[in-house]
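Heads up, the thing below is written out as structure tokens.
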Number of protein chains: 2
Amino acid sequence: MAYVNEAAAGGDKEPRTERGRKTLRRLIEAAAAEFGDRGFHEAAITGITQRAGVALGTFYTYFESKEEVFRALVRDMSRATRAHVAEAVKGAPDRLAAERIGLEAFIAFVRQHPELYRIIEEAQFVAQDVYREHYRSFADAYVRNLAGARDRGEIADGLDEPRAWALIGMSVFLGMRYGLWDEDLSPAEVADTAIALVSEGLRKR
Amino acid sequence: MAYVNEAAAGGDKEPRTERGRKTLRRLIEAAAAEFGDRGFHEAAITGITQRAGVALGTFYTYFESKEEVFRALVRDMSRATRAHVAEAVKGAPDRLAAERIGLEAFIAFVRQHPELYRIIEEAQFVAQDVYREHYRSFADAYVRNLAGARDRGEIADGLDEPRAWALIGMSVFLGMRYGLWDEDLSPAEVADTAIALVSEGLRKR
């Protein structure tokens, strides 16, 4: 499963042993399934521990509440999504090529992880600060990438921050429409069209 | 209040008298305040009727349940948002100018109606079909506008549907970041930057 990485839960209860880290990973994966299937309000800690195959008491070694595991899950999914896209674009020759590859990889990732949207979007109502942190982290990375590309003369001048939010919104909505809802175009077709728009602009020349 | 228009609730219970239409408008406006302040789960029908200054029984003349008034509200906000943007862009000389004016108008609208996001976004969890209908209606209108502009030679060739979803996502995220969360740039500054990106593209020339 793609979501879990080393710093999954963070905070005070970071496990010190390999076995502890494995249990934490199982809990986070089980939480993704439980929250993804049932939503925050219907989800139960016992649903998570049953899916993870651990005792209820074990849950409380790692998390204090349903909200705490939800917050850890959103942060974990956020990091995993960024890591997946960053890995995909690693060899890209320039920023515009990276945009194209990254968008295709993101839409493909959504198809493999349809629970991603439900969980991230529900964070708006359960843990608004983690929701904002998720998108602000994406935006910060984007601003750095755009500034670097501007310095190298790859992209035109402009305010990087609103450009970053525009590009994130585009990806989120294309992921929702062509990753989550329907698959009437391939991730490559969607990325080709959207990146032609972003690179060359709509204006007819 | 900007949300309410003639066909507010739709369906079987469309009021026939002017007085009935006024009461329905008051209920929809009260529902926007109640759901916007408290969210769907905490909101109460009695909260809506108290805000509207009508008897509880009156509510049931128009709606069968909290979910039904919520659905009517989402549809009403959706129509009102589209109508507001359509009105703003009416005199625009071409599609790219309309994009710029429409985005500025949308961000300004969000600042005046911060409850818009909470209510539309919560529809994902309360009435997923109405949520999808909201964005699909926007996309349909966008596809028609892009096709028209393509026919008139104003914009480059490309698949209109993914371009429409890209542009909608961009607007939604810029509205969230610069309309709802922070006001560190003016709607005009955000629209200028984003529409330069959309019209001319990122590529340095």
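These numbers come from the heavy atoms of this one structure, side chains and all, not from hydrogens, waters or symmetry mates. As the structure is a computational prediction, the values presented were derived from the model and not from experiment.
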Just give me the residue among B:R150, B:R132, B:M170 that pairs up with chain A most often, heavy atom to heavy atom, under 4.5 Å.
-> B:R132
Between B:L96, B:L146, B:V190, B:D94, which has the largest tally of heavy atom pairs under 4.5 Å with chain A?
-> B:L96
Between B:P162 and A:L185, what is the shortest heavy-atom contact and its length?
-> CG-CD1, 3.7 Å
Smallest separation among heavy atoms of A:A166 and B:L197, with atom names | CB-CD2, 4.0 Å
Derivation and outcome, side chain to side chain contact (heavy atoms under 4.5 Å, CB included), residues A:Q124 and B:Q124 | CA-CA 11 Å; A:Q124 286 177 87; B:Q124 287 177 87; 4.1 Å; yes
Side chain, backbone, both or neither: which part of B:E122 has an atom under 4.5 Å from a heavy atom of chain A?
-> both
Residue B:R205 versus chain A: region with a heavy atom under 4.5 Å = side chain
Given the side-chain rings of B:F125 and A:F40, with only the six-membered ring counted for Trp, is the space between their centroids under 6.0 Å?
-> no
Separation between NZ of B:K204 and CD of A:E154, rounded to the nearest 0.5 Å = 11.0 Å
Euclidean distance, B:D157 CG relative to A:T193 OG1, rounded to 0.5 Å | 11.5 Å
Salt-bridge present (A:D182, B:R136; N to O < 4.0 Å) | yes
Determine, for A:E200 against B:R203, whether the closest basic-nitrogen to carboxylate-oxygen distance falls under 4.0 angstrom.
-> yes
Taking C-beta and beyond as the side chain, do A:R177 and B:E161 meet within less than 4.5 Å on heavy atoms?
-> yes
Using non-hydrogen atoms only, which part of [X] is less than 4.5 Å away from chain B: side chain, backbone, both, or neither?
X: A:L159; result: both
X: A:D184; result: side chain
X: A:V198; result: both
X: A:E121; result: both

Interface check, chain B: of A:G158, A:S171, A:G153, most non-hydrogen pairs under 4.5 Å belong to A:G153
Between A:W165 and B:W181, how do the two ring planes meet: parallel, tilted or perpendicular, split at 30° and 60°?
-> perpendicular
